[in-house]
**Q** 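Right, I'll just put the structure down here and ask away after.
Residue numbers start from 1 in every chain, and the chains themselves are labelled A, B, ... in the order their sequence lines are given, proteins ahead of strands. As a basis for the values below, the full set of heavy atoms in this structure was taken, side chains included, without hydrogen atoms, waters or symmetry mates. In this text, all values refer to a predicted model and were calculated from it rather than measured experimentally.
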Amino acid sequence: MPELPEVETVVRGLRPRLVGRRLRRLRLYQPLVVKSSLGRFRRALAGARVAGVSRRGKYILLELHPADGRRRCFWVVHLGMTGQLYACRPGAPLLKHTHVVASLSSGDQLRFRDPRRFGRMLLLAEKDLPDYFAALGPEPFRINLARFARLCAGRTAPVKNLLLNQNWLRGLGNIYSSEALFVAGVHPARPAGALGAAELKRLFRALRQVLRAAIAGQGTTVSDYRTGEGLPGGYQNSLRVYDREGEPCPRCRTRVERLVLAGRSAHFCPRCQPDSGKRARSG
DNA sequence: CGTTGAACCTGTTTGC
DNA sequence: TGCAAACAGGTTCAAC
């Protein structure tokens, strides 16, 4: 379920354990997770120093300074649905579905584990970074309300579909799009372009508030997600409607409903998120 | 511009 | 108990 808050949590957890360290032995138990040339990948990582750990949307970037003085490059990781990227002691049990283990000069190991194998990694030269991420929409924390309103303007697609579209706005996934729509009191199927000024403002604020709170909570662990230290997150206890079909809405006690949009479950409260666009008052 | 369904995978839960 | 279907955080592609 790694969405922006999970990926950000992983990045923050890995940064102090990786930056300044060198990569030593690399073990690829499942080479298929590497989507660029294996030879280049291995050569670039061997002995490289990690100079930075950052995030772009749901992608993790490890900036590498190769040992042989070649140009710096980036180890790019996407966690897919069940990916885990974490540092641990070398003696920690090697869990099933661990695909990559990199030994670090600190003595720790960086491990990539992914039961469903929707995750992937690749090596990118610095010059290829812009093209690789060119299609991504903006970061939610780097736009203002006016820009968000412009993104929605004229769009007839259900607003939840757009929130899930990484080329429109990067970082949201199925959990936080549903949570943000609930907090904003906006029905997930409403055409984005039909949202009024008040709704746009509520939604923009809600999505940033939800993302911030989830980062503070170290992300949501439904089952597989782990922090950069290999620990579960804590925000799963704060979810309002996601995966709560049939349970009472936390605001008005109406049963939470589920509909399918863009092939994904959309959980919402039919009373707090009316499809008319008018916001119902809670009891 | 928009939607749907399938594909890529393994694992768990649900229903009969 | 057993087996099959449904479903799961994501992305991409084809078809319409």
**Q** Flag the pair A:Glu3 and A:Lys58 as a salt bridge only when some basic side-chain nitrogen lies within less than 4.0 angstrom of an acidic carboxylate oxygen.
**A** no
**Q** To the nearest angstrom, how far is A:Leu261 atom CG from B:dG2 atom C1'?
**A** 13 Å
**Q** Can you tell me the base-pairing partner of B:dC9? Count Watson-Crick or G-U wobble geometry only, both distances below 3.5 Å, and say none if there is no partner.
**A** none
**Q** To the nearest Å, give me how far apart NE2 (A:His97) and P (B:dT12) are.
**A** 8 Å
**Q** Between A:Arg71 and A:Glu126, is there a salt bridge with N-O shorter than 4.0 Å?
**A** no
**Q** Round to a whole Å and report the spacing from CZ of A:Arg244 to P of C:dA8.
**A** 15 Å
**Q** Given the ring of A:Phe112, does A:Arg120 sit roughly above its face, with NZ or CZ under 6.0 Å from the centre of the six-membered ring and within 45° of the axis?
**A** no
**Q** What does A:Asp243 touch in the nucleic acid at a heavy-atom separation under 4.0 angstrom: a base, only the sugar-phosphate, or nothing?
**A** nothing
**Q** How long is the line joining CH2 of A:Trp168 and P of C:dT11, in whole Å?
**A** 15 Å
**Q** Can a side chain N or O of A:Lys96 be found less than 4.0 Å away from OP1 or OP2 on B:dG11?
**A** yes
**Q** Counting only side-chain nitrogens and oxygens, does A:Thr156 get under 4.0 Å of the OP1 or OP2 atom of B:dC1?
**A** no
**Q** Can you tell me if the side-chain N/O atoms of A:Gln166 get under 4.0 Å from OP1 or OP2 in C:dT11?
**A** yes
**Q** Of the candidate nucleotides B:dT3, C:dT11, C:dC7, which contains the atom at the shortest distance from the side chain of A:Arg258?
**A** C:dC7
**Q** Using the side-chain heavy atoms of A:Ser265, tell me which of these nucleotides is nearest: C:dA8, C:dT11, C:dG10.
**A** C:dA8
**Q** In terms of side-chain geometry, is the basic nitrogen of A:Arg190 or A:Glu199 positioned less than 4.0 Å from the acidic oxygen of its partner?
**A** yes
**Q** Please assess A:Arg258 against A:Ser265 for the test side-chain hydrogen bond (donor to acceptor under 3.5 Å, both in side chains), listing each intermediate value before the final yes or no.
**A** CA-CA 6 Å; A:Arg258 181 179 84 97; A:Ser265 290; 2.5 Å; yes
**Q** What class does the angle between the rings of A:Tyr176 and A:Tyr235 fall in, given that below 30° is parallel, 30 to 60° is tilted and above 60° is perpendicular?
**A** tilted
**Q** Could you check if a side-chain atom of A:Leu85 sits within less than 4.5 angstrom of a side-chain atom of A:Arg113, using non-hydrogen atoms only?
**A** no
**Q** Pick the P atom in C:dT11 and in B:dG11, then give their distance to the nearest Å.
**A** 22 Å
**Q** Take the protein atom CZ of A:Arg264 and the nucleotide atom P of C:dC7, then report the distance between them rounded to whole Å.
**A** 13 Å
**Q** What's the CD-C1' distance between A:Glu6 and C:dA8, to the nearest Å?
**A** 14 Å
**Q** Can you figure out which of C:dA8, B:dG2, C:dG10 approaches the side chain of A:Glu3 most closely?
**A** C:dG10
**Q** With rounding to the closest Å, how many angstrom separate the C1' atoms on B:dG5 and C:dA6?
**A** 16 Å
**Q** Can you see if the side chain of A:Asn174 gets near the phosphate of C:dG10 - specifically, an N or O under 4.0 Å from OP1 or OP2?
**A** no
**Q** Go through the steps to decide whether A:Arg17 and A:Ser106 satisfy the test side-chain contact (heavy atoms from CB on, under 4.5 Å), and finish with yes or no.
**A** CA-CA 8 Å; A:Arg17 292 156 187 268; A:Ser106 61; over 6 Å; no
**Q** A:Met81 has an atom CE; how far is it from atom C1' of B:dT10, in whole Å?
**A** 11 Å
**Q** What nucleic acid atoms does A:Gly263 come within less than 4.0 Å of, heavy atoms only: base, sugar-phosphate, or nothing?
**A** nothing
**Q** For A:Pro158, which contact category applies under a 4.0 Å heavy-atom criterion: base, sugar-phosphate, or nothing?
**A** sugar-phosphate
**Q** Starting from P on C:dG10, measure out to OH on A:Tyr176 and report it in whole angstrom.
**A** 10 Å
**Q** Rounding to the closest angstrom, what is the interatomic distance between C:dC7 and B:dT4 at atom P?
**A** 15 Å
**Q** Going by heavy atoms closer than 4.0 Å, what residues in residues 110-120 of chain A are next to DNA chain C?
**A** A:Arg116, A:Phe118, A:Arg120
**Q** Side chain of A:His78 only, heavy atoms from C-beta on: which candidate in C:dT11, B:dT3, C:dC7 is closest?
**A** C:dT11
